[in-house]
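Below: the structure, in structure tokens.
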2 protein chains.
Amino acid sequence: MKTEQDIFLAYLKSRGLNLTAERSKILQTVFSFHRHFDLDDLYDEIRRHKARVSRATIYRTIPLLMESGLIREVFRCMDRPHYEHIYGHDHHDHMICLGCGKVLEFKDERIEKLQNEVCAEFGFESVEHRLGIRGYCRECREGQVKRRGAAGT
Amino acid sequence: MKTEQDIFLAYLKSRGLNLTAERSKILQTVFSFHRHFDLDDLYDEIRRHKARVSRATIYRTIPLLMESGLIREVFRCMDRPHYEHIYGHDHHDHMICLGCGKVLEFKDERIEKLQNEVCAEFGFESVEHRLGIRGYCRECREGQVKRRGAAGT
DNA sequence: ATTGAGATTGAGACTAAATCTCAATAAATT
DNA sequence: AATTTATTGAGATTTAGTCTCAATCTCAAT
């Protein structure tokens, strides 16, 4: 079983890049999250561990992690992109509550399958897809929870 | 059959707002497009017709059009939101080619239906959803077309 | 038609996310 | 060890989008 490091290292090598201490720290932090995160979550978490990596470096590293297939952008919330690590996790889609901002994950094989069918029809080769359903979760529908902010896929 | 104007006007009235010349021009231009558009497309097209509406006003009007259900944000391309008018059009989803930037539209009732099922399971009330599949179109797969830029949902 | 309250606009100031620059440093290669 | 190339951080820069505000417009009630 390959570790995330192995994969990232292989990707970097293939591009003539090095796995530096900063990149390693970012990678490690990304995989310490069990939730979606944005750039500031990353930055803060790294600092909390008494490490220092500049924002510029994080901005530069995120595309590398995406290209190596370790993370993906999942949706936008408060107008900022949010990410999740995908290595070792099944693919899933999201429901985003417009009331409380909560994110529910779901997976439906039948939907995935139909998507593949549609792609085949069009001769389209799918690399990835993103399905986001915006609406109101059970709790918000029942009216207890106050509004927060808009969420966008 | 209600026109777009009727709908927009009713929406504005319901909020105590007026249908001004600027809003009317924006509305008319939005519905003159047969493709996805971004804010600058709108701005340029309005100017091309010798009319003048400031960017600030366009920025202010887009949310009104969205709330009135006349347009929706469909995806991000080159990091800018793109819109389409939806009144009088069936809902559909998108395939975005990472090679040439082309956008294909498709609709599959079965997928829609399954989405509703999933929502029901979670007690989630869907307001809208967005499904974007990124990959390579037939032409790009066959290798004739050059890369352009990244597209994001 | 006139008036006044509130809505609307455009221009430019402002904000903040993201990118770029560049000098200093680190890593890999010879 | 020397050379080349990659990397970093700090801060400058860019730019989409928002906000401010004075001038104008709209509408409903006179």
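Below, read A as the first sequence line, B as the second, and so on, with proteins coming before strands; counting in each chain starts at 1. What you see is a predicted model, and the numbers here were worked out from it, not measured in a lab. These values consider heavy atoms only, across backbone and side chains, with no hydrogens, waters or symmetry-generated copies.
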Does the distance from a Lys or Arg side-chain N to an Asp or Glu carboxylate O, for B:Arg76 and A:Asp79, drop under 4.0 Å? yes

Length of the line joining B:Leu27:CG and C:dT8:P, which is rounded to integer Å: 15 Å

Counting primed atoms plus P, OP1 and OP2 as sugar-phosphate and everything else as base, spell out the protein contacts along nucleotides 25-30 of chain D at 4.0 Å heavy-atom distance: B, S or - for each nucleotide, 5' to 3'. --S---

From CG of B:Asp79 across to C1' of C:dT19 the rounded distance in Å is 11 Å

Compare side-chain N and O positions of B:Arg23 against OP1 and OP2 of C:dT9 and report whether any pair is under 4.0 Å apart. yes

Examine B:Leu70 and B:Leu39 and state if one hydrophobic cluster contains both, with Ile, Leu, Val, Met, Phe, Trp and Tyr joined whenever side-chain heavy atoms are less than 4.5 Å apart. yes

Distance check needed: C:dA27 P versus A:Leu9 CG, whole Å only. 14 Å

Other residues, nucleotides and ligands only: do more than 12 of their heavy atoms fall within 6.0 Å of NE2 on A:His91? yes

Taking only Watson-Crick and G-U wobble pairs with both distances under 3.5 Å, what dot-bracket line describes DNA chain D, where [ ] shows pairs that cross earlier ones and | shows pairs with another strand? ||||||||||||||||||||||||||||||

Presence of salt bridge, B:Lys107 and B:Glu105, under 4.0 angstrom: no

Can A:Arg130 and A:Glu128 be counted as an ion pair, charged N to O under 4.0 angstrom? yes

Base, sugar-phosphate or nothing for B:Pro81? Non-hydrogen atoms, less than 4.0 Å. sugar-phosphate

Length of the CD-P vector between B:Glu22 and D:dT24, whole Å: 14 Å

Is the phosphate of C:dT19 approached by A:Tyr59 (side-chain N or O, under 4.0 Å from OP1 or OP2)? no

B:Tyr83 meets the ring pair (Phe, Tyr, Trp, His ring centres under 6.0 Å) criterion, sequence neighbours left out, with none

Distance check needed: D:dT15 C1' versus B:Asp38 CG, whole Å only. 14 Å

Specify the residues of residues 47-58 of chain B, ordered by number, for which at least one heavy atom lies under 4.0 angstrom from an atom of DNA chain C. B:Arg52, B:Val53, B:Ser54, B:Thr57

Under the side chain to side chain donor-acceptor pair (under 3.5 Å) test, residues paired with A:Glu45 that sit two or more places apart: A:Arg48, A:His49

What's the shortest heavy-atom distance between B:Arg23 and B:Leu19, and which atoms? CB-CD1, 4.0 Å

Check ion pair A:Asp40-A:Arg80 (N to O, under 4.0 angstrom): yes

According to ring pair (Phe, Tyr, Trp, His ring centres under 6.0 Å), who are the partners of B:His89, at least two apart in sequence or on a separate chain? B:His85

Please determine, by modelled atom types, if A:Arg15 and A:Tyr11 share a side-chain donor-acceptor pair under 3.5 angstrom. yes

With a 3.5 Å cut-off and just heavy-atom distances, do the side chain of A:Arg60 and the base of D:dG9 make a donor-acceptor pair? yes

Residue A:Arg72 excluded, over 12 heavy atoms near CZ under 6.0 Å: yes

Would you kindly give the CG-to-C1' distance between A:Leu17 and C:dA27, to the nearest whole Å? 12 Å

Whole-Å gap separating P (D:dT18) and CZ (A:Arg80): 15 Å

What is the distance, to the nearest angstrom, from the NZ atom on A:Lys25 to the P atom on D:dG9? 13 Å

